[in-house]
Amino acid sequence: MKNLLLPSVVLFSVMLASCSKYQVNMLSSTNAVKNEQTGEFNVENDSVKITYSFYGQNAPVGIQVYNKSNKPLYIDWQSSAMVVGDKTISYANKNVPISGNINGVSDTYSTSNRGSNIAYPQSTYTSGSINAVAKLPESVTFLPPHAKGDFRPAYVTNGFLSVPDTMLHKEITGFIEQYSTVPVNVKVANFTKENSPLVFKSFLTLYTLQGNQPKPVLYEQEFFISKLVNSSSNPKDLTDYQVQRGDYFINSKKTGYAKVMTGIGIAAAVGGVAAVGASADNSNNTQ
């Protein structure tokens with residue numbers, strides 16, 4: 001029975017892997033220059049270079065800021081945000097995590113040996129203490145001259161994007177097997193900014209000090225999904241997406257069949273473990 005359980009679990013895992021859907025979203029920008037080799041989006045002038053990258057699950061906003069000037073540069077996160085549709089997502093982390101420890105001695109009571117039901121405290125007493133440190137979120141980042149910093153302050157999406165089937169058409173791409181590449185079908189939709197399912201803007205406020213007064217400059221970049229690919233194969237196994245680039249991100253979700261199979265698989269695993277245990281018990285009893 002033990003020999004049968006492990007192959008069954010492996011087979012079940014393979015089945016679940018094939019019951020997922022994947023979505024690749026290619027991005028374009030209306031006012032940032034894309035590096036065709038890396039897919040990163042650049043905004044540059046004499047004093048600063050800003051680079052955007054979105055590779056990853058749910059499109060993490062990767063921002064690199066390079067201070068090209070001879071003066072200190074500051075990033076004002078409180079005055080920076082992303083706008084997705086009509087929703088504003090601040091780049092400033094508003095959470096205040098607290099780390100610490102709690103130590104205490106609990107009260108203990110005992111009844112008298114004289115036959116009374118009254119509980120009397122023992123000689124010990126309760127004492128407690130808490131030591132915690134609250135780390136406030138950064139609102140400003142300091143960049144020295146000719147230095148750069150990498151940041152990931154937000155995510156653009158939270159799952160699959162809905163696209164009408166009428167906008168999708170079939171294309172053939174390559175699926176990489178162990179020793180060969182075979183053709184597979186994917187569903188593709190192309191968009192302009194006007195009909196894109198997702199358009200968003202990034203507002204990044206930088207400033208230098210002139211005397212003691214900040215001199216802010218707001219950098220506004222606009223992005224939109226220009227191509228969407230739906231696939232039942234993991235894009236990491238497709239020839240078109242072997243390289244991690246800054247101009248696309250991948251989302252995945254389980255199909256309804258996978259969710260049902262997950263429940264069946266859990267029940268089967270529990271049953272299998274129980275059967276193994278019962279078999280072992282019977283074997284021990286026989287001995």
Side-chain angles (χ1 to χ4, degrees), residues 4-29 32-42 51-62 64 150 152 155-193 195-200 223-262 264-265 268:
L4 291 175
L5 183 59
L6 182 58
S8 299
V9 172
V10 173
L11 177 60
F12 177 71
S13 300
V14 173
M15 289 173 63
L16 278 186
S18 63
C19 297
S20 296
K21 287 186 177 181
Y22 301 89
Q23 191 175 77
V24 182
N25 296 282
M26 303 293 297
L27 293 168
S28 297
S29 176
V33 179
K34 183 166 73 172
N35 183 323
E36 294 299 336
Q37 291 184 338
T38 65
E40 297 174 332
F41 299 92
N42 297 310
T51 302
Y52 284 92
S53 177
F54 302 94
Y55 182 83
Q57 187 83 4
N58 291 325
V61 182
Q64 182 183 90
D150 293 282
R152 187 173 286 189
Y155 290 83
V156 180
T157 67
N158 186 24
F160 260 47
L161 298 177
S162 179
V163 177
D165 290 338
T166 54
M167 300 190 70
L168 296 166
H169 63 274
K170 288 185 179 180
E171 289 187 5
I172 297 176
T173 187
F175 178 82
I176 301 174
E177 293 186 333
Q178 188 172 5
Y179 300 109
S180 62
T181 301
V182 297
V184 294
N185 290 324
V186 294
K187 291 185 177 181
V188 180
N190 296 296
F191 308 99
T192 63
K193 175 197 166 183
N195 68 351
S196 176
L198 181 66
V199 179
F200 62 97
F223 305 92
F224 66 95
I225 290 179
S226 54
K227 182 179 180 180
L228 180 147
V229 179
N230 286 338
S231 172
S232 58
S233 302
N234 192 326
K236 294 180 180 180
D237 297 324
L238 301 180
T239 54
D240 294 339
Y241 306 104
Q242 290 296 293
V243 179
Q244 296 182 5
R245 292 173 54 88
D247 59 349
Y248 76 87
F249 61 94
I250 300 172
N251 288 336
S252 63
K253 68 177 181 179
K254 291 181 180 179
T255 63
Y257 175 74
K259 294 177 182 178
V260 172
M261 289 301 296
T262 299
I264 295 174

Pairwise distance NZ(K34) to CG(D247) - rounded to 0.5 angstrom: 4.0 Å
Smallest separation among heavy atoms of N58 and N251, with atom names: N-OD1, 2.8 Å
Minimum-distance pair of heavy atoms, taken over all atoms of S233 and L238: CB-CD2, 4.1 Å
Test item: S196 side-chain N/O and I225 main-chain N/O as donor-acceptor pair under 3.5 Å: yes
Any side-chain heavy-atom pair of Q64 and Y52 under 4.5 Å: no
Between Q23 and N230, a side-chain donor and acceptor under 3.5 Å: yes
F224 six-ring face occupied by K193 cation (under 6.0 Å, within 45°): no
Close side-chain approach of L168 and L228, heavy atoms under 4.5 Å: yes
Smallest separation among heavy atoms of G174 and V184, with atom names: C-CG2, 4.5 Å
Nearest-0.5 Å distance that lies between atom CZ in F41 and atom OG in S53: 9.0 Å
V188 to K227 - nearest heavy-atom pair and separation: CG1-CE, 3.6 Å
CG/D165: more than 12 non-hydrogen atoms of other groups inside 6.0 Å: no
Candidate pair L161 and N25, rule side-chain contact (heavy atoms from CB on, under 4.5 Å), full reasoning: CA-CA 9 Å; L161 298 177; N25 296 282; 3.6 Å; yes
Donor-acceptor pair between N35 and E40 side chains, under 3.5 angstrom: no
Whether over 12 other heavy atoms sit under 6.0 Å from E177 CD: yes
Pairwise distance CG(L27) to CZ(F249) - rounded to 0.5 angstrom: 5.5 Å
Closest non-hydrogen atom pair, R245 against Q37: NH1-O, 3.0 Å
Pairwise side-chain contact, T38 with Y55, heavy-atom cut-off 4.5 Å (strictly under): no
N158, CG atom: more than 12 neighbouring heavy atoms under 6.0 Å: no
Pair F54-F223, ring pair (Phe, Tyr, Trp, His ring centres under 6.0 Å): steps then yes or no: CA-CA 11 Å; F54 302 94; F223 305 92; 5.0 Å; yes
K187 atom NZ: more than 12 heavy-atom contacts under 6.0 Å: no
Audit row: V229, M26, side-chain contact (heavy atoms from CB on, under 4.5 Å) steps and yes/no: CA-CA 8 Å; V229 179; M26 303 293 297; 5.6 Å; no
Aromatic centroids of Y248 and Y241 separated by under 6.0 Å: yes
pair I176-Q242: side-chain heavy atoms closer than 4.5 Å: yes
For A59 against T157, the heavy-atom pair lying closest together: N-OG1, 4.3 Å
pair F191-M167: side-chain heavy atoms closer than 4.5 Å: yes
Interatomic distance, K21 atom NZ to S232 atom OG [nearest 0.5 angstrom]: 9.0 Å
